[in-house]
Amino acid sequence: MKRIRILNLLRSDKPIDNVTIMGWIRTRRDSKGFSFLEINDGSCLKNLQVVADSSLANYEEITKSSTGSAVSVTGSLIESQGKGQTWELKAEGMEILGLAPDTFPLQKKRHGDEFLRTIAHLRPRTNKYGAVFRIRSELSFAIHKFFKDRGFQYIHTPVLTASDCEGAGELFKVTTLDLDNVPKKDRKTDFSLDFFGAATNLTVSGQLSAEMFALSLGDVYTFGPTFRAENSNTSRHVAEFWMVEPEMAFSDLNDAMDLSEEFLKYLTGHVMDECGADLELFAKHVDKNLMATLNGLISSGFTRLSYKEAVEILSKSGQNFEFEVAFGKDLQSEHERYLTERYFQHPVIIYNYPKNIKPFYMRINDDNKTVAAMDVLVPNIGEIIGGSQREERLNILEARMNEMGLSKKDYWWYVESREYGSVYHSGFGLGFERLLMFLTGITNIRDVIPFPRTPNSISF
RNA sequence: UCCCCAGUAGCUCAGUUGGCAGAGCAGAUGGCUGUUAACCAUCGGGUCCGCGGUUCAAGUCCGUGCUGGGGAGCCA
């Protein structure tokens, strides 16, 4: 018999005869002649209460079934006689599909996040992680919907790459060479004998590729995994994470800022509309201010201020910062958090950063000191979006690459796009996991990605 | 990579001034006529992270290693 999802049964407005559910036992409570089982099938946060009575042929077996066991139950959906739930399933037949022995590590009480990370293969069976990954799925869908509704094309930029994209971070090397016997030429590894005939890495950003498609399809975006081999040991970094990168032709820095604000508001609103029950769990158990923070993002205009203005506010703040605030120095976490969490208490966009702290592809402003860059900062997370208007003027781009010691040969195709029908364009990158952290109030990035990759940790 | 904190039962954690290893939950067994993280009773369960040291005596103090976490840097 075809199973019905618990989500659909709980939404029913009338009793239904002869339905089958399949799921996992969260808890069992026995009474004389009855056993109450809470069944979860992952379709929603809520469990369905199954009432099994001693008239069932395998009642003895049922009272032995434990938390974590997989079951199939057929019966009637009826109004619950007990308090606490509207519907319950009166079992007419129940099959144990897969027993979970008493070594099953999840219990019906709360576990610590650190312990759950050691059983990442089982943690989605908990309420909290089930909710995280349902929201993650819904958020992915919302990203595609946002861009689809606005006529953007979805581009699959490559994961394997020979360019290092401006040195955005340490790279993971990809090779088929025998690591125990690496071929050498002039005492260096001879990559001409490697699979691609050149040194190859995992991508750190799809931006440069996406620009090529913006300069042909108009408005595009990428959404895929990116990799950084940084030895970062923080609650905000993983080695494999997902990034959303829209790129728009005929678009300047202001257009990029407009889109980033609209984008964040749309995604937040979408998750609030579609994931209410799951969000409630986080508002109750993870971050008591969550709903206020999310409503704040939707209702407030993002304050836009130039880097220069930001530096002035910080200098006059009277705060005792660990790191010095001065024009030409990058803003530190503590500075960003002061601005968004204390001074403005809502998201802010900082733009026109000094060129010396930004990569080569950002467009030089007329002052020749700053570039048309922007960062979106949100409370609790800090930088969630980084973007810029790209340098579309061939001679200036080449001069900048020279200045920064980058070889034109390595980026020949990128530079060539400025030679033929070059237009002004802009885009940004959004850290998908960081947005999930913002939306759920979860403070460790390892807890919003199914199987996190961090230094010394790739067990799953 | 740097700074700080932690590691005790399957899980969450207590363990005072160095002096017999503890609780709740989970598990097993039994009880209970509709339970809501059900409840009641009984029972089982320990390399106190590893190694070394101080001491009559170390879970506790010291050194060191490993693992985890928090913060910083780098960044998304």
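Chain identifiers are assigned alphabetically (A, B, ...) following the order of the sequence lines, protein sequences preceding nucleic acid strands; residue numbering begins at 1 within each chain.
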- prompt: Using a cut-off of 4.0 Å on non-hydrogen atoms, how would the nucleic acid contact of A:E383 be classed: base, sugar-phosphate, or nothing?
  reply: sugar-phosphate

query: Is there a donor-acceptor contact under 3.5 Å from the side chain of A:S140 to the main chain of A:R136?
result: yes

message: Could you tell me how far apart A:E38 (CD) and B:G34 (C1') are, to the nearest whole angstrom?
response: 13 Å

message: Rounded to whole Å, please give me the gap between CG in A:N127 and P in B:U36.
response: 18 Å

message: Base, sugar-phosphate or nothing for A:R236? Non-hydrogen atoms, less than 4.0 Å.
response: base

query: Quick one: what's the B/S/- string for nucleotides 2-8 of chain B, heavy-atom cutoff under 4.0 Å, read 5' to 3'?
result: -------

task: Hey, which sits more toward the 5' end of RNA chain B by its nearest nucleotide, A:L331 or A:N456?
output: A:N456

message: Any base atoms under 4.0 Å from A:Q85, or only sugar-phosphate, or nothing? Heavy atoms, all strands.
response: base

message: Main chain of A:L7, side chain of A:S43: is a donor-acceptor contact present, judged purely on distance under 3.5 Å?
response: yes

- prompt: A:T234 has a side chain; which of B:G70, B:G73, B:C75 sits nearest to it?
  reply: B:G73

message: Give me the distance, rounded to whole Å, that separates B:A9 from B:G15 when you measure between the P atoms they each carry.
response: 15 Å

- prompt: Is there a donor and acceptor pair closer than 3.5 Å between the side chain of A:H237 and the base of B:C75?
  reply: yes

message: Expected output is a numbered-order residue list: members of residues 88-102 of chain A with a heavy atom under 4.0 Å from any atom of RNA chain B. What is it?
response: A:E88, A:D102

- prompt: How about A:H335 and A:V325: do any of their side-chain heavy atoms sit closer than 4.5 Å?
  reply: yes

task: Mind calculating the distance between CG (A:L116) and C1' (B:G68) to the nearest angstrom?
output: 14 Å

message: Using modelled atom types and a 3.5 Å cut-off, is there a donor and acceptor pairing between side-chain atoms of A:S300 and backbone atoms of A:G296?
response: yes

field: Check: A:E114 side chain, B:G69 base, donor-acceptor under 3.5 Å
entry: no

field: G-U wobble or Watson-Crick pairing nucleotide for B:G68 (cut-off 3.5 Å, both distances)
entry: B:C5

query: In whole angstrom, what separates A:K64's NZ from B:G30's C1'?
result: 11 Å

- prompt: For the rings on A:F241 and A:F227, is their centre-to-centre separation under 6.0 Å?
  reply: no

- prompt: Using purine N1 to pyrimidine N3 plus N6-O4 or O6-N4 for Watson-Crick, or N1-O2 and O6-N3 for G-U wobble, each under 3.5 Å, what pairs with B:G44?
  reply: none

task: Once you apply the 3.5 Å cut-off to both distances, tell me the Watson-Crick or G-U wobble partner of B:G52, or none.
output: B:C62

- request: Just compare B:U12, B:G34, B:G73 and give me whichever is closest to any side-chain atom of A:S333.
  value: B:G73

- request: Spell out yes or no: do the side chain of A:S232 and the base of B:C74 have one donor N/O and one acceptor N/O closer than 3.5 Å?
  value: yes

message: Need one value for A:R446: base, sugar-phosphate or nothing, where a base atom within 4.0 Å counts as base even if backbone is also close, heavy atoms only.
response: sugar-phosphate

message: Categorize A:Q107 for me: base, sugar-phosphate, or nothing, with a 4.0 angstrom heavy-atom threshold over every strand shown.
response: base

message: For the C1' atoms, the ones on B:A26 and on B:G45, what distance do you get once it is rounded to whole angstrom?
response: 11 Å

task: Find the distance A:D30:CG to B:A41:P and express it as a whole number of Å.
output: 18 Å

message: If you take the centroid of each ring, where Trp contributes its six-membered ring, are A:Y307 and A:Y351 closer together than 6.0 Å?
response: no

- request: Mind calculating the distance between NZ (A:K108) and C1' (B:U12) to the nearest angstrom?
  value: 16 Å

- request: For nucleotides B:A23 and B:C48, find the distance between their C1' atoms and express it as a whole number of Å.
  value: 16 Å

query: Within a strict 4.5 Å, meaning less than it, do heavy atoms of the A:N40 and A:K46 side chains meet?
result: no

message: Can you tell me which nucleotide in B:G73, B:G34, B:C74 comes closest to the side chain of A:F323?
response: B:G73

query: Is a salt bridge present between A:E280 and A:K284, judged by a nitrogen-to-oxygen distance below 4.0 Å?
result: no

- prompt: Which base, if any, makes a Watson-Crick or G-U wobble pair with B:G10, both distances under 3.5 Å?
  reply: B:C25

statement: Residue pair A:I78/A:N444 against RNA chain B: nearer the 5' end by closest nucleotide is A:I78

task: Using the C1' atoms only, state how far B:U29 lies from B:U67, rounded to an integer number of Å.
output: 38 Å

task: Could you check whether A:I384 gets within reach of a base, just the sugar-phosphate, or nothing at all, counting any heavy atom under 4.0 Å?
output: sugar-phosphate

- prompt: How is A:G429 classified with respect to the nucleic acid when contacts are heavy atoms under 4.0 Å: base, sugar-phosphate, or nothing?
  reply: nothing

message: Nearest whole Å is fine: how far is B:G73 P from A:R228 CZ?
response: 17 Å

statement: Applying the 3.5 Å cut-off to both distances, the Watson-Crick or G-U partner of B:C75 turns out to be none

query: Between A:E79 (side chain) and A:T86 (backbone), is there a donor-acceptor pair under 3.5 Å?
result: no

Pairwise C1' distance for B:U12 and B:C2, with rounding to whole Å: 32 Å

task: Just compare B:U36, B:C74, B:G34 and give me whichever is closest to any side-chain atom of A:F36.
output: B:G34

- request: Using the C1' atom on both, measure B:C25 against B:C40 and round to a whole Å.
  value: 16 Å

message: Nearest to the A:S235 side chain among B:G70, B:G69, B:C74, which nucleotide is it?
response: B:G70

field: Nearest-angstrom distance, P atom, B:G52 to B:G44
entry: 33 Å

message: Can a donor-acceptor pair be found, under 3.5 Å and without considering hydrogens, that links the side chain of A:E261 to the backbone of A:F302?
response: yes

Test item: A:D41 and A:R3 side chains (from C-beta on) under 4.5 Å apart, heavy atoms: yes

- prompt: Quick one: A:K83 NZ to B:U36 C1', roughly how many Å, whole number?
  reply: 12 Å

task: Could you let me know what B:A38 is paired to, Watson-Crick or G-U wobble, both distances under 3.5 Å, or none if it's on its own?
output: none

B:C62 versus B:G69 - spacing of their P atoms, nearest Å: 25 Å

field: Side-chain (A:T268) to main-chain (A:K265) donor-acceptor, under 3.5 angstrom
entry: no

task: Start with the C-alpha gap between A:F360 and A:Y411, add the side-chain angles, then the distance that decides, and say whether ring pair (Phe, Tyr, Trp, His ring centres under 6.0 Å) holds.
output: CA-CA 11 Å; A:F360 76 95; A:Y411 297 90; 5.3 Å; yes

task: Would you indicate whether the side-chain heavy atoms of A:H346 and A:V378 approach each other to under 4.5 Å?
output: no

message: Please classify the nucleic acid contact of A:T103 as base, sugar-phosphate, or nothing, using heavy-atom distances under 4.0 Å.
response: nothing

query: How would you label the contact of A:Q332 with the nucleic acid (heavy atoms, under 4.0 Å): base, sugar-phosphate, or nothing?
result: sugar-phosphate

